[in-house]
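Small disclaimer: the values here were computed from a predicted structure and weren't measured. Below, chains carry the letters A, B, ... as their sequence lines are ordered, and counting in each starts from 1.
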Number of protein chains: 2
Amino acid sequence: MALQHAIMTALLEDAMSGYELAKSFDSSLGFFWRASHQQIYQELRKLSDKKYLSSETVPQAGKPSKIVYTLTASGSKALEDWVQGPSKLQDAKDDLLVKLYNLNHDNVAHLIAELEHRREFVMGRLYLYERIRRRHYDDPKSLSIRRKGVYLALTAGVTQGEQFLRWCDDALETLASVENQH
Amino acid sequence: MALQHAIMTALLEDAMSGYELAKSFDSSLGFFWRASHQQIYQELRKLSDKKYLSSETVPQAGKPSKIVYTLTASGSKALEDWVQGPSKLQDAKDDLLVKLYNLNHDNVAHLIAELEHRREFVMGRLYLYERIRRRHYDDPKSLSIRRKGVYLALTAGVTQGEQFLRWCDDALETLASVENQH
DNA sequence: CGCCGCATGTAATTAGTTACATGATTGT
DNA sequence: ACAATCATGTAACTAATTACATGCGGCG
């Protein structure tokens, strides 16, 4: 149900099509809520049924037409009600950390490779987000209140990523020494 | 499906009942994979059906009997296969950060309260994990290989929590100044 | 001609949440 | 008597994933 609110949140700033939403989830909001295009299209239909979104088909030159969704007044109200309501605990679900509980001589090498892979991914995302932050949120004090919120969230993501990299380097060192001992 | 592997991971060290597993998820492994008792009982049944776990009813003095589950050889094999396989991306789903995207004058106060609540929660968990780490993982170098993995995961959780607290204090300061401006 | 990016979806399945349900024992 | 902790589950529902499915336009 929260994906619906995440979608409406993304539409606060700009009206978008499902495809654009999916891409936007891969960059900005996706730091905090990942979603596949399939699920986005389904939730988009449900939100339209509830009249929280209105849609309009926009023809494009040289590209297929797209269906652009806009937040309605009642959608806006529902979103604000959700914001003012209680939050659930962040659900921690991380394969890789659970796998570390299973560390042994047979799987060290594999876990090292997986950590390195994750490190790459986090680095890439960090780079992307730092760029966004620099470009659009360079002077935090002059931002509108809403953008100050976005800035804070982005900062959370960035510092989280940086902290992961520090931990990761440490962990890789430990794992390397374990591997060398056999 | 990964909950099944998380359950088997928890049973690597000790045979446990569903109730004990649920409690253990609330403390150690739950940093990285949260689960309700209802779901645990369901997955326990599925794992038993697949013969990945064997169960034994253990009567207790002054308490109801419990059903203790033990990892079987084929369960152990399935677990190791999972560890050696590819991991999925960590799924980021955080209500609170999404809500921050909606920051405005009407909801600052509420978001401040929610952040403070989350801060309390993280502090409590941090305290708990620091204690576990100090008690059982005081000298990382002398640990068995498996416990070194657990130690690394625990460290990831702890530093992640510490990083959250730093960010949170920062964010609360920003939000307070926004609130005072009206 | 085949692949990639744009654009939209449905169907089937699995995972996870919420609500409901029971019953024993210990402490106040 | 009542609440709390221990202990185990079922049923109904919602959310999320995986697999499948289609079609246009541009580029090499």
Side-chain angles (χ1 to χ4, degrees), chain A residues 1-8 15-27 30 32-50 53 55-69 82 85-95 98, chain B residues 1-8 15-27 30 32-50 53 55-69 82 85-95 98:
Chain A
M1 185 118 302
L3 174 56
Q4 297 196 358
H5 298 114
I7 288 173
M8 291 193 280
M16 277 186 268
S17 69
Y19 188 81
E20 287 163 341
L21 268 165
K23 294 222 315 179
S24 138
F25 264 71
D26 280 344
S27 49
F32 316 113
W33 206 279
R34 217 168 318 92
S36 61
H37 78 271
Q38 290 94 329
Q39 206 190 345
I40 287 172
Y41 283 119
Q42 284 178 59
E43 299 302 331
L44 240 20
R45 185 165 45 78
K46 288 182 200 164
L47 285 166
S48 295
D49 289 349
K50 283 196 269 188
L53 300 180
S55 60
E56 195 194 354
T57 304
V58 175
Q60 298 179 107
K63 286 188 212 171
S65 295
K66 61 182 177 179
I67 303 167
V68 171
Y69 293 89
W82 169 75
S87 294
K88 8 186 106 170
L89 290 181
Q90 188 191 0
D91 60 318
K93 304 226 158 163
D94 195 335
D95 258 25
V98 175
Chain B
M1 187 117 301
L3 174 57
Q4 297 194 0
H5 298 114
I7 287 172
M8 290 193 279
M16 276 187 270
S17 67
Y19 188 80
E20 287 162 342
L21 270 165
K23 294 222 314 178
S24 138
F25 266 69
D26 281 343
S27 49
F32 317 112
W33 206 278
R34 217 169 317 94
S36 61
H37 77 271
Q38 289 95 328
Q39 207 191 346
I40 287 172
Y41 284 118
Q42 284 177 59
E43 299 302 331
L44 240 20
R45 185 164 45 79
K46 288 181 200 164
L47 286 166
S48 295
D49 289 350
K50 283 195 270 188
L53 300 180
S55 59
E56 193 194 353
T57 304
V58 176
Q60 298 180 108
K63 287 188 211 172
S65 295
K66 60 183 180 180
I67 303 166
V68 172
Y69 293 88
W82 169 74
S87 292
K88 9 186 106 170
L89 290 181
Q90 189 189 0
D91 59 319
K93 306 226 156 161
D94 196 334
D95 258 24
V98 176

Which nucleotide wins on minimum distance to the side chain of A:Ser17, given the candidates C:dT8, C:dA11, D:dC6? C:dT8
Should the pair B:Glu43-B:Lys46 be classified as a salt bridge under the 4.0 Å nitrogen-to-oxygen rule? yes
From the list C:dA19, C:dG16, D:dA16, which nucleotide is the closest neighbour of the side chain of A:Trp33? D:dA16
Counting side-chain heavy atoms from CB outward, which of C:dA24, D:dT10, D:dG9 is closest to B:Arg45? D:dT10
Nucleotide of C:dT8, D:dA15, D:dT18 approaching A:Lys46 most closely (side-chain heavy atoms): D:dA15
Taking the side chain of B:Leu3 as its heavy atoms from C-beta onward, which of C:dG16, C:dG9, D:dT8 lies nearest to it? C:dG16
Residue A:His37, side-chain heavy atoms: nucleotide from C:dG9, C:dT10, D:dA15 that is nearest: C:dG9
Length of the CZ-C1' vector between A:Arg34 and D:dA16, whole Å: 12 Å
If you check the B:Pro64 side chain, which of C:dA15, D:dA19, C:dA24 turns out closest? C:dA24
Of all the choices, C:dG16, C:dA7, C:dG9, which nucleotide is nearest to the side chain of A:Lys93 once you look at every atom? C:dG16
If you check every side-chain atom of B:Lys63, which of D:dA11, D:dC6, D:dT17 has the closest atom? D:dC6
CD/A:Gln60: more than 12 non-hydrogen atoms of other groups inside 6.0 Å: yes
Using a heavy-atom cut-off of 4.0 Å across all strands, would you classify A:Gln60 as base, sugar-phosphate, or nothing? sugar-phosphate
Side chain of B:Gln38 (C-beta onward), nearest among D:dG9, D:dA7, C:dA7: D:dG9
